[in-house]
Protein chains: 2
Amino acid sequence: MTHDPVTPRGIPDATVARLPVYLRALSALADRGIASVSSEELATAAGVNSAKLRKDLSHLGSYGVRGVGYDVEFLVHQIGRELGLTQDWPVAIVGIGNLGHALAGYAGFASKGFRVVALFDVDSTVVGDVVAGLRVRPLADLAALAGTEQIAIGVVATPAANAQDVCDRLVAAGVRSVLNFAPCVLSVPDGVDVRKVDLSTELQILAFHEQRKAVRDLVGPLDELGARVAR
Amino acid sequence: MTHDPVTPRGIPDATVARLPVYLRALSALADRGIASVSSEELATAAGVNSAKLRKDLSHLGSYGVRGVGYDVEFLVHQIGRELGLTQDWPVAIVGIGNLGHALAGYAGFASKGFRVVALFDVDSTVVGDVVAGLRVRPLADLAALAGTEQIAIGVVATPAANAQDVCDRLVAAGVRSVLNFAPCVLSVPDGVDVRKVDLSTELQILAFHEQRKAVRDLVGPLDELGARVAR
DNA sequence: ACGACTTTGTGCGCACGTTCACAAGCGCCT
DNA sequence: AGGCGCTTGTGAACGTGCGCACAAAGTCGT
Ligand SMILES: NC(=O)c1ccc[n+]([C@@H]2O[C@H](COP(=O)([O-])OP(=O)(O)OC[C@H]3O[C@@H](n4cnc5c(N)ncnc54)[C@H](O)[C@@H]3O)[C@@H](O)[C@H]2O)c1
Ligand SMILES: NC(=O)c1ccc[n+]([C@@H]2O[C@H](COP(=O)([O-])OP(=O)(O)OC[C@H]3O[C@@H](n4cnc5c(N)ncnc54)[C@H](O)[C@@H]3O)[C@@H](O)[C@H]2O)c1
């Protein structure tokens, strides 16, 4: 199923999800010429508790120096290696509509070793266009391309109605990691990971808490129940 | 404080995060004319365990009928009410670049009561343009608009370098829910919720697992004794 | 009317994640 | 060299979430 039961020996999922945040904070520090950082400082920059940060980093190894902190550049390298950023990851985007255009042109991809190698669509008015320096290909070419160049990550940016079909084709082409922007559940065979980015869900979660806050404002200081902040 | 078996109105965060998924699955069922659904069917459609689904729904109340299942339309209404979708949520988008354009034109907003009421940017080549039927305003107008029409949710789609400043202005304008697309940590005062959508993080998490899978494929079949490779 | 069948709602044990608090370790200063 | 101050790494307590398994509660057929 979509669930990933085993994180082999090692790093908890919750930690893995935070490593990119640490990496970004560390990169920012490195850019500012800062060579060393304490867990307290880095935790603040990453928006987490310092104990959690230390425990997270301890899963990678004992890379800190007691009494001093962590070497920024070294830690950048270690986290990058753990996340697999030392190698290039070829990415294909399927569905070059509003969102697909934005994604194809997104510089944030390349900065971490993600290289957009192919764009696909079915709409004949889009196919053949050059977007962000790449020609949009017909979806039918996906199978052929898979033989030439292995695609590591497939991005689904089509309407929800077509997402499962697109996903199936990606999987058939050997893709084992899918990032899904369509608002639907994708089912994939074992061994394939799907992560979804769901704008609508995020907004609804915000709305829930917003409504909660409105109610709390009415009841106000009379209510002794603790305020909860979304995470 | 004693641990009461029945907490009045507290819905776990994990449940809140799944309600939009259930809602979407239910809406799809309703569109297909299906009036009633079992927890097993709905759970499959939503990609979760059926026991988890039932427990989630039980937090809203006892809306199911034993031996039968849940009334689809009724449940849509209840979940929508709980999430606050019965009311309109005015949304403002700041940063009308690649991503901001896509967001402004996204139909998925309106379908759940999220109404984009204002677009902001600082770039004079963008300000004044009409995007998705709305004129892009200078960011300076934000404070003025806040007096006229309350903005419930602010969407940050500017580069990371400007995100904190934009966020501060949104908060100053009375916004208490922020959806952040910029790859950075936003700090906000108590009472303000921030959720972030981070494409780069998602890709890095996928890369981590992809790398893990690659290693497992190499070692996998031989690994019976849990060989731990020293680094 | 009643029993067989279906499905909900939930108690319970377990695993995971978070936070506190502190000993162990390191550099620096005298 | 040795003490001092600082920071890491982690044991332990705590909280949250997950899923099994089952009794309770309803429907349906006869
Ligand atoms: N635009 C946004 O801001 C936004 C935000 C969040 C989620 N989404 C979701 O992302 C997806 C794309 O959104 P969009 O606004 O870009 O829509 P869009 O309609 O602008 O683009 C969809 C593109 O997918 C192509 N397509 C359709 N079927 C296809 C198929 N079978 N194979 C390949 N390509 C196919 C279409 O030709 C079109 O170019 C949708 O599921 C949408 O719900 C969009
Ligand atoms: N394009 C994508 O697919 C994508 C995906 C994920 C995340 N992001 C992130 O979303 C953000 C926007 O991405 P983009 O591709 O649209 O960038 P972009 O450069 O195309 O657009 C940014 C827009 O923000 C405006 N802006 C800059 N400073 C501002 C300020 N202080 N106030 C108001 N507006 C301001 C700019 O004028 C520009 O129009 C970035 O942080 C990016 O990292 C983008």
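Each chain gets a letter, A, B and so on, in the order its sequence line appears, and its residues count up from 1.
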Would one find a side-chain N or O of [X] under 4.0 angstrom from OP1 or OP2 of [N]?
X	N	answer
Ser39(A)	dT8(D)	yes
Ser38(A)	dT7(D)	no
Arg18(B)	dC18(D)	yes
Tyr70(A)	dC26(C)	no
Asn49(B)	dG17(D)	no

Item to complete: Using a heavy-atom cut-off of under 4.0 Å over every strand shown, decide if Ser50(B) touches base, sugar-phosphate, or nothing.
Response: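 If one applies the 4.0 Å heavy-atom cut-off, Ser50(B) turns out to touch nothing in the nucleic acid.
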
Rounded off to whole Å, could you give me the [atom1]-to-[atom2] distance for the [X] and [N] pair?
X	N	atom1	atom2	answer
Asp13(B)	dG17(C)	CG	P	16 Å
Leu53(A)	dT19(C)	CG	C1'	14 Å
Lys52(A)	dA21(C)	NZ	P	17 Å
Arg54(B)	dG17(D)	CZ	C1'	16 Å
Lys55(A)	dC22(C)	NZ	P	15 Å

Run the salt-bridge test on [X] and [Y] with the 4.0 Å N-O cut-off and return the result as yes or no.
X	Y	answer
Arg176(B)	Asp190(B)	no
Arg54(A)	Glu40(A)	no
Lys52(B)	Asp56(B)	no

Worksheet entry | Steps toward ring-ring contact (aromatic ring centres under 6.0 Å, His included) verdict (Phe74(A), Tyr63(A)) | CA-CA 8 Å; Phe74(A) 182 73; Tyr63(A) 295 149; 5.3 Å; yes

Item to complete: Assess whether one donor atom and one acceptor atom, taken from the side chain of Arg66(A) and the base of dT7(D), lie less than 3.5 Å apart.
Response: no

